[in-house]
Amino acid sequence: MVVFIAPELLRNGEKALVAYDKQYDVIVAGAGHAGCEAALASARMGCATLLLTINLDAVALMSCNPAIGGQAKGHIVKEIDALGGEMGKNIDATGIQFRILNMRKGPAVRASRAQADKQLYRLRMKGVLENQEHLDLKQAEVTRLVVEGEKVVGVETRAGVRFLGKTVILTTGTFMKGLIHIGLTNYPGGRAGDLPSVGLSDNLRELGFDIGRLKTGTPARLDGRTIDFSRLEPQFGDDPPEAFSFSKTTVVQPQVPCYIAYTNPRSHEIIRSGLDRSPLYAGIIEGIGPRYCPSIEDKVVRFPEKERHQTFLEPEGLSTVEYYPSGLSTSLPIDVQWSFYRSIEGLEKVEIMRPAYAIEYDYADPVQLRATLETKRIQNLYHAGQINGTSGYEEAAGQGLLAGINAALKVKGKEQLVLARNEAYIGVMIDDLVTLGTKEPYRMFTSRAEYRLLLREDNADLRLRELGHRLGLVLEDDYRYFVCKRAAIGEQLEKLQKAKLLPSEAAPDFVADFGLGGLQNSLTYEQLLKRSDVTYADLARLDPSLGNVAKAVREQVEIQVKYQGYIDRQLEQVRRMAKMEGARIPLDFNYAAIAGLTAEVREKLIRMQPATLGQASRIPGVTPAAVAILSIAIKVKIEG
C-alpha cells in the first residue's frame with residue numbers, strides 16, 4: 001500500500017514525492033554483485049531489507065568477463081562462502097569450467113576460477129533474492145539520499161518515491177554518471193544496454209563527499225559460429241571439477257573448454273593506425289583506468305617490443321554462441337575493431353555481436369569510509385563495490401557482504417564487524433581502501449596480503465565459518481558439516497603425531513623408495529609428512545586407513561604439517577603487531593592538540609581518522625616517530 005502525502009508536507013524542489021508506507025531496516029541501492037550480497041546478508045540476519053535496482057532483469061549480471069575467481073579473487077569468494085554469502089554457491093550451480101590456478105606453486109597462491117553461464121548465474125541469483133525472507137526487490141533508480149542532521153534516513157527515486165530506512169547501502173557499480181565510449185562516439189550508460197544513474201553523485205557532492213572519475217572497459221562479444229576453433233588451442237578445466245563452496249554443493253552443469261589465441265604484428269599495426277580516433281589517446285576519457293587490466297591499445301603502446309598478446313576465448317554460456325575474448329578490451333572505433341579482431345588467427349571471419357567499449361563513471365574516495373564501510377560524513381550510510389574505486393565482481397561482493405552485515409548490526413545496536421588483515425583478504429582489501437584510498441581501479445592480489453600463508457583458500461572456512469554462524473548467516477546443516485570436518489582434521493593431526501614408523505617394521509619397498517635405509521630411530525608419521533617427497537597418499541602405504549580420509553581433510557592436514565614452520569613464523573608476526581592493531585583511537589580524538597606532530601602528519605590523521613594505531617601506521621607519510629608520539633597521546637587520553 002502507498003500513502004499519498006500532501007505536496008506541501010513532502011517536496012523535493014518542485015517535485016512532490018510519494019512516501020512508501022513501509023519503513024525498512026536496510027535499503028540497498030544497486031543489485032550487482034555487491035548489492036546482492038549486502039541485501040542477502042542483512043535479510044538473513046533478520047532485518048527488513050529493500051533492494052532497489054534500475055533494471056530487475058540485470059540482477060547479478062556479469063557486465064564484463066563471464067567468470068568468477070582467479071588470483072586472490074578466488075580467495076575472496078571462498079571467504080564470502082565461509083561467512084555465509086552466496087557467490088560461491090551461485091558459481092557452483094552455474095559454472096561450466098572449473099580450474100585451480102598455480103597448482104605447481106605453494107598453497108598460499110593457489111586460486112580457484114570458474115567460467116559461468118552468465119544467464120544462468122544471473123537467473124539463479126535473482127531466484128535466491130526473490131525467495132529470501134525479509135527481502136523486497138523493486139525496480140527504481142535512486143537519485144537522492146534523505147538526510148536528517150548527520151544521519152541518512154532514506155532514499156528518493158527518479159519516479160518520485162521516498163523510501164525510508166534506518167540504514168542505506170550504496171552499491172552503484174559503474175552507473176553513477178556512466179559514459180560509454182566507442183571511438184570518438186560517446187553516450188550515457190551504466191553499461192551497454194542500461195541507463196546510467198544521474199543525480200546521485202551530484203547529491204553526494206552536495207553532502208560534502210569527494211567524488212572522482214574512473215574508467216574501465218570490456219572486449220567485444222564474438223559470434224562463435226564464425227570462429228575457426230580447429231586453429232586454436234583448447235583449454236579444458238579440471239576433471240573432476242572442484243566446487244567453490246565449503247557446503248556440500250556439487251558442480252552440475254556440463255563442462256566446456258576455452259580456447260587460446262594470440263594477437264600478431266599485423267594486429268598491433270591495425271591498433272596503432274586507429275590511435276588517433278581512440279578516446280583514450282585523444283584525451284576524451286578523463287577517468288583513470290585499471291593498471292592491471294589495460295586495454296589492448298594500451299598494451300601495444302606500452303610494450304612495443306612484444307610481438308603478440310595472449311587471449312582466452314571464453315564461452316558466455318551453454319545456450320549462446322557468444323564468446324568473450326579475455327584481455328582484448330578496447331575503446332577503438334568499431335571499424336578498427338572489425339579489422340583488429342579479424343587479424344587474429346582463427347578469427348579471420350569473426351563477426352562482432354556486441355562491440356567493445358570503455359566506460360567512465362563516478363566514485364567516492366574510500367578514505368571517507370570507516371573500516372566498517374560506514375561513511376565518516378553521514379551516519380548509517382554505507383558504500384560497497386565500485387563506488388569505492390574497486391574493480392571486479394569478487395571485490396565488490398566481499399565489500400557488499402561486510403556492508404550488509406554491518407548495516408544489520410548497526411540496526412540491532414551491536415558492535416560492527418571489522419576483519420583484520422591477518423583474518424581475511426576482505427580485511428586486507430577494506431583496510432587498503434579506507435587507509436590508502438585509490439586513484440585507479442583497485443584490484444586484489446595475493447601480494448597485497450603480508451600474511452598470505454595464513455589466508456589461503458583452503459582454510460577460509462577454518463578462519464571464518466564460526467564467525468558466519470555466530471552472525472546467523474551459515475545454515476545449521478552447513479555448520480554441522482564444517483564442525484565434523486574441523487574435528488576430523490584435529491583427529492588426523494593427533495594420529496600423525498602418535499603413529500610411528502619403526503625401523504624393525506618398515507616395509508622394504510617403502511624404505512627403498514624414500515631413502516630410509518639408514519634409519520636407526522623411529523619416525524612419527526608427522527615427521528615423515530614434513531618431507532617434501534612424502535605425501536598423504538604415501539602414508540596410506542603404511543596405514544591403509546589413511547586412504548579413507550576425506551580429500552578436504554587430507555589436504556588441510558598435509559598443508560598444516562608441511563608448512564608448519566612458515567605458518568608459526570607468520571603467527572609470531574601477527575602477535576607482534578597485535579598490540580598496535582588493537583590500540584583503538586577514540587572517534588573524537590583531537591590530533592591538533594598533540595605536540596610533536598608535523599603539520600603534514602596532523603593533516604593526514606585528521607583527514608583519514610584511522611580507527612587503530614596499526615591503521616595509522618599504514619598511512620603514507622605517517623612516520624614511526626609520529627606513531628610513537630600518537631601511541632603515548634592515546635594512552636594519556638584513555639588513562640586520563
Side-chain angles (χ1 to χ4, degrees), residues 12 27-36 38-39 51-55 58-61 63-64 139-147 152 154-159 163 168-181 186-218 279 284-290 357-369 373-375 377-378 381-393 395-397 399-400 403 433 437-442:
N12 179 359
I27 297 175
V28 181
H33 304 280
C36 290
L51 178 58
L52 299 172
T53 180
I54 290 176
N55 183 1
V59 167
L61 181 64
S63 306
C64 197
Q139 184 164 294
E141 178 190 344
V142 173
T143 54
R144 291 185 65 85
L145 300 175
V146 182
V147 177
V152 67
V155 300
E156 295 174 359
T157 70
R158 184 164 300 284
F163 293 98
V168 173
I169 305 173
L170 297 183
T171 66
T172 54
T174 60
F175 278 69
M176 289 201 304
K177 284 194 174 179
L179 187 65
I180 291 173
H181 296 268
N186 57 69
Y187 56 91
R191 63 177 157 234
D194 280 317
L195 295 171
S197 168
V198 179
L200 184 55
S201 57
D202 289 336
N203 181 224
L204 291 173
R205 276 195 187 88
E206 292 168 5
L207 292 170
F209 287 93
D210 291 333
I211 303 298
R213 196 85 168 146
L214 293 178
K215 166 256 178 188
T216 189
T218 191
I284 295 173
I285 292 179
E286 298 175 359
I288 300 172
Y357 64 89
I359 182 168
E360 286 185 283
Y361 55 95
D362 284 351
Y363 82 109
D365 191 335
V367 297
Q368 300 168 103
L369 301 175
L373 296 181
E374 183 180 15
T375 69
R377 185 171 293 277
I378 304 293
L381 175 64
Y382 297 79
H383 291 176
Q386 284 178 284
I387 190 174
N388 291 335
T390 56
S391 66
Y393 311 143
E395 289 91 340
Q399 294 171 69
L433 292 170
T438 187
K439 300 300 181 186
E440 61 187 44
Y442 175 98

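When atom types are taken as modelled, the side chain of Glu141 and the backbone of Val198 share a donor-acceptor pair closer than 3.5 angstrom. Side chain of Tyr442 to main chain of Gly437: no donor-acceptor pair is present (N/O by atom type, distance under 3.5 Å, no hydrogens or angles). Panel note: side chain Gln368, backbone Asp210; a donor-acceptor pair is recorded below 3.5 Å.
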- [ ] Check the pair Val155 / Leu52 against side chain to side chain contact (heavy atoms under 4.5 Å, CB included), numbers first and verdict last.
- [x] CA-CA 10 Å; Val155 300; Leu52 299 172; 3.8 Å; yes
TODO: Kindly indicate, with the supporting measurements, whether the criterion salt bridge (charged side-chain N to carboxylate O under 4.0 Å, His left out) is fulfilled by Asp202 and Arg144.
DONE: CA-CA 9 Å; Asp202 289 336; Arg144 291 185 65 85; over 6 Å; no
- [ ] Could you go through the side chain to side chain contact (heavy atoms under 4.5 Å, CB included) check for Val59 and Cys36 one step at a time?
- [x] CA-CA 8 Å; Val59 167; Cys36 290; 3.7 Å; yes
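Within the 4.5 Å cutoff, side-chain heavy atoms of Thr157 are placed close to those of Phe163. Tyr357 is listed as a side-chain neighbour of Thr218, based on a closest heavy-atom distance under 4.5 Å. Using a 4.5 Å heavy-atom threshold, the side chains of Arg191 and Phe175 count as touching. Leu373 is listed as a side-chain neighbour of Asn388, based on a closest heavy-atom distance under 4.5 Å. Taking 4.5 Å as the limit, every side-chain heavy atom of Thr172 sits out of range of all side-chain heavy atoms of Ser197. Residues Val142 and Glu156 fail the side-chain proximity criterion, which asks for heavy atoms closer than 4.5 Å. Within the 4.5 Å cutoff, side-chain heavy atoms of Leu207 are placed close to those of Val147. Looking at Asn55 and Gln139, their side chains come closer than 4.5 Å, going by heavy atoms from C-beta outward.
The shortest non-hydrogen separation linking Thr143 to Asn203 is O-CB, 4.0 Å. Nearest heavy-atom pair, Thr390 versus Gly385, reported as atom, atom and distance to 0.1 Å: OG1-O, 3.1 Å. For the pair Gln386 and Gly173, the tightest heavy-atom approach, listed with the atom from each and the gap, is CB-O, 3.6 Å. When all heavy atoms of Ile54 and Pro196 are compared, the closest pair comes out as CD1-O, 4.0 Å. Listed here is the closest heavy atom pair of His33 and Leu61: NE2-O, 3.4 Å. When every heavy atom of Thr171 is checked against every heavy atom of Ala31, the shortest pair comes out as OG1-N, 4.5 Å.
Once rounded to the nearest 0.5 Å, the distance linking CD1 of Ile211 with CG of Leu204 reads 5.0 Å. Of the inter-residue distances, the one linking Met176 atom CE with Tyr361 atom OH reads 10.0 Å to the nearest 0.5 angstrom. Once rounded to the nearest 0.5 Å, the distance linking CG of Leu381 with CD1 of Ile27 reads 11.0 Å. Distance check, rounded to the nearest 0.5 Å: CD1 of Ile359 to NE2 of His181 gives 8.5 Å. Interatomic distance, CG of Asp365 versus CG of Leu433, reported as 9.5 Å (0.5 Å rounding). Gln399 contributes atom CD, which lies 14.5 Å from atom OH of Tyr382 (distance to the nearest 0.5 angstrom).
The side-chain contact (heavy atoms from CB on, under 4.5 Å) with Ile387 is formed by just one residue from the set Thr174, Leu170, Ile169; it is Leu170.
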